[in-house]
Amino acid sequence: MIFFFILLFIFIVSLIFLEEYLGDYKKYVYWGICIIMILFCAFRTIGVDPDSESYEEIFKSNENNPKLLVEFSFLFFSEIVKGFTDDVHYLFLIYAILGITIKFYALRQLSPWYFLPLAIYFGNYFILHDFIQIRAAVASGMLLLAIKPLSEGNKKKAIVYFLIANVFHYSSFAFYPILFFSNDLSKIWRYALIAIVPVGAVLFLLHYDFFSALPLPYIQEKIEMYKALTERGIFDELSLKNVTIWIQYAIILYSLYFYDTILEHCPALPILLKITAYSMACFFALSSISVVAGRLHELLGIVELALFPCVCYTLRPQYYGKIAVCMIGLIEFVFTLFIWELLDFAMA
């Protein structure tokens, strides 16, 4: 299985530099890759990722308690699949079709390049979401789909996408503050974007928990529960060594420096920068409850698929920009598979 990941990543990178020579065929290659990724994701070996065994257990369980762990959509699709088979792979197929297809469709609205965003997607979010967190995969796809209407001021359409996301993963309720983000960048916002890591790192090192300070009893009870589980070692603690945080911050600073140039080609740039900062803020503000901080950071961070390729607008020849984006994708790919070891290839 590991060889498939490596070969497909090399294939995608090759297509990035061959795209202009493919003509109309690039559309068919693009959607062909989508189908390959769907099938590979859906029919993976159970146990190769951290969550598939749990999903299979819940899928086959007739008890009530496990059902409280998932959203209505999971139960709904499970009942449909169990109507004709007890093979959980077909449930995975439904989620793969939804999560991956939505992202492929959204990226065609947000990027002029077919394959460049896929280097970022395949190197990180395909594994993290579509392969592991399959419910969050659909929710993150809906956020990506909402970027264009948000940048155009069509908040009603964005709300519809957010409501659909809520059905697939409860953490997507964190999307609603995005509705207050305008698609412009004031001086205050620019200063906030620059300060996000210095301020956030201080809060992180001081173990300051912003949400614990809110006078919301139910939320505080949940936070205390997650803290207790973290202290017992159930969840891994977060670290400032997280490479994605520093890549995000570097792209934010780079985008601010070349703001006018990028904005000319990417009208959604202000929204993308603000959501990226929001993603990082969740990482820092909720660091004491690592599972929540990590999940929200990852869920909101999906916008990097549209933001990171914008580097190409600032470099001439554009060839250098493509190399830079591919290097970012490669770094995330190496960390995801070989350093963080999110997949257990011994099970494949």
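Side chains are part of it too, since the values below use all heavy atoms of this structure and drop only hydrogens, waters and symmetry mates.
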Peer 1: Assess, by modelled atom type and distance only, whether the side chains of T314 and Y254 contain a donor and an acceptor separated by less than 3.5 Å.
Peer 2: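 Yes, side-chain donor-acceptor contact under 3.5 Å.
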
Peer 1: Rounded to the nearest 0.5 Å, how far does CG of L110 lie from CG of L307?
Peer 2: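 Here the rounded value is 11.0 Å.
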
Peer 1: Could you grab the distance from atom CG of D86 to atom CG of L91, nearest 0.5 Å is fine?
Peer 2: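 Result: 12.5 Å between the selected atoms.
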
Peer 1: Validate the cation-pi geometry between K26 and F115: distance from NZ or CZ to the six-membered ring centre under 6.0 Å, angle to the ring axis within 45°.
Peer 2: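 Relative to the ring axis of F115, which defines the angle, K26 lies outside at least one limit.
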
Peer 1: Using every non-hydrogen atom in the two residues, find where F175 and A139 come nearest and quote the distance to one decimal.
Peer 2: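 Here F175 and A139 meet closest at CE1-O, 3.5 Å.
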
Peer 1: If we count only N and O atoms by modelled type, under 3.5 Å, do the side chains of H89 and E56 hold a donor and an acceptor together?
Peer 2: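 Result is no, nothing qualifies.
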
Peer 1: Mind running side-chain hydrogen bond (donor to acceptor under 3.5 Å, both in side chains) on Y55 and R135 for me, showing each step along the way?
Peer 2: CA-CA 10 Å; Y55 282 135; R135 292 141 53 221; 3.3 Å; yes

Peer 1: For the residue pair V243 and E332, establish whether any side-chain heavy-atom pair is separated by less than 4.5 Å.
Peer 2: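 Not touching, per the 4.5 Å side-chain cut-off.
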
Peer 1: Is the NZ atom of K155 crowded by more than 12 outside heavy atoms at less than 6.0 Å?
Peer 2: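 Count over threshold, so yes.
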
Peer 1: Show the nearest heavy-atom pair for residues C34 and I100, with the distance to one decimal.
Peer 2: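 Looks like SG-CG2, 3.9 Å.
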
Peer 1: Over all heavy atoms of both residues, which pair between E71 and Y170 is shortest? Give the atoms and the distance, please.
Peer 2: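 Closest approach of E71 to Y170: OE2-N, 3.1 Å.
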
Peer 1: Taking atom types as modelled, is there a side-chain donor on D87 or T85 under 3.5 Å from an acceptor on the other?
Peer 2: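 T85 and D87 do not have a side-chain donor-acceptor pair below 3.5 Å.
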
Peer 1: Is there side-chain contact between L342 and L337, with heavy atoms separated by less than 4.5 Å?
Peer 2: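 Contact flag for L342/L337 side chains = no.
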
Peer 1: Would you say N166 and Y176 are linked by a side-chain donor-acceptor pair, where the criterion is simply a distance under 3.5 Å?
Peer 2: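 N166 and Y176 do have a side-chain donor-acceptor pair below 3.5 Å.
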
Peer 1: Can you confirm whether F122 sits close enough to M37 that some side-chain heavy atom of one is under 4.5 Å from a side-chain heavy atom of the other?
Peer 2: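 Of all side-chain heavy-atom pairs linking M37 with F122, at least one is under 4.5 Å.
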
Peer 1: Is there a chain of hydrophobic side chains (I, L, V, M, F, W, Y, each step under 4.5 Å between heavy atoms) that links F9 to L7?
Peer 2: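 No, no single cluster joins them.
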
Peer 1: Is it possible for you to say whether W246 and I339 belong to one hydrophobic cluster, with membership spreading through side-chain heavy-atom contacts below 4.5 Å?
Peer 2: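 Linked within one cluster.
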
Peer 1: CD1/I245 to CD1/I196 distance, rounded to the nearest 0.5 angstrom?
Peer 2: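 Output value for this atom pair is 8.5 Å.
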
Peer 1: Dump the intermediate steps for side-chain hydrogen bond (donor to acceptor under 3.5 Å, both in side chains) on D49 and S52, then the final yes or no.
Peer 2: CA-CA 6 Å; D49 62 277; S52 56; 3.0 Å; yes

Peer 1: Which pair of heavy atoms, one from S255 and one from I262, lies closest together, and at what distance?
Peer 2: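 Scanning both residues, the minimum pair turns out to be CA-CD1, 3.8 Å.
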
Peer 1: Take atom CZ in F338; do more than 12 heavy atoms of anything else shown fall under 6.0 Å from it?
Peer 2: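 Atom CZ in F338 is packed in, count exceeds 12.
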
Peer 1: Working to the nearest 0.5 angstrom, can you tell me the gap between H129 NE2 and Y121 OH?
Peer 2: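 The distance works out to 10.0 Å.
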
Peer 1: In a check of side chain to side chain contact (heavy atoms under 4.5 Å, CB included) between K274 and each of L185, I178, V303, L150, which one passes?
Peer 2: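 For K274, the side chain to side chain contact (heavy atoms under 4.5 Å, CB included) check succeeds only for L185.
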
Peer 1: Kindly give the heavy-atom pair with the smallest separation between L296 and S279, and that separation in Å.
Peer 2: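 Reported closest heavy-atom pair: O-OG, 4.5 Å.
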
Peer 1: Identify the heavy atoms of I120 and G329 that sit nearest to each other, and give their distance.
Peer 2: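 Smallest interatomic distance, heavy atoms only, reads CD1-N, 3.8 Å.
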
Peer 1: Is it true that atom CZ of F43 has more than 12 heavy atoms of other residues, nucleotides or ligands lying nearer than 6.0 Å?
Peer 2: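 Result for CZ/F43: enclosed.
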
Peer 1: Report yes or no: do Y320 and L18 belong to one cluster of Ile/Leu/Val/Met/Phe/Trp/Tyr joined by side chain heavy-atom distances under 4.5 Å?
Peer 2: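 Different clusters.
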
Peer 1: When rounded to the nearest 0.5 angstrom, what distance separates CG in L118 from CG in L15?
Peer 2: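 One gets 8.5 Å once the value is rounded to the nearest 0.5 Å.
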
Peer 1: Output the distance between atom CG (L256) and atom OH (Y259), rounded to the nearest 0.5 Å.
Peer 2: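 If I round to the nearest 0.5 Å, the distance is 8.5 Å.
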
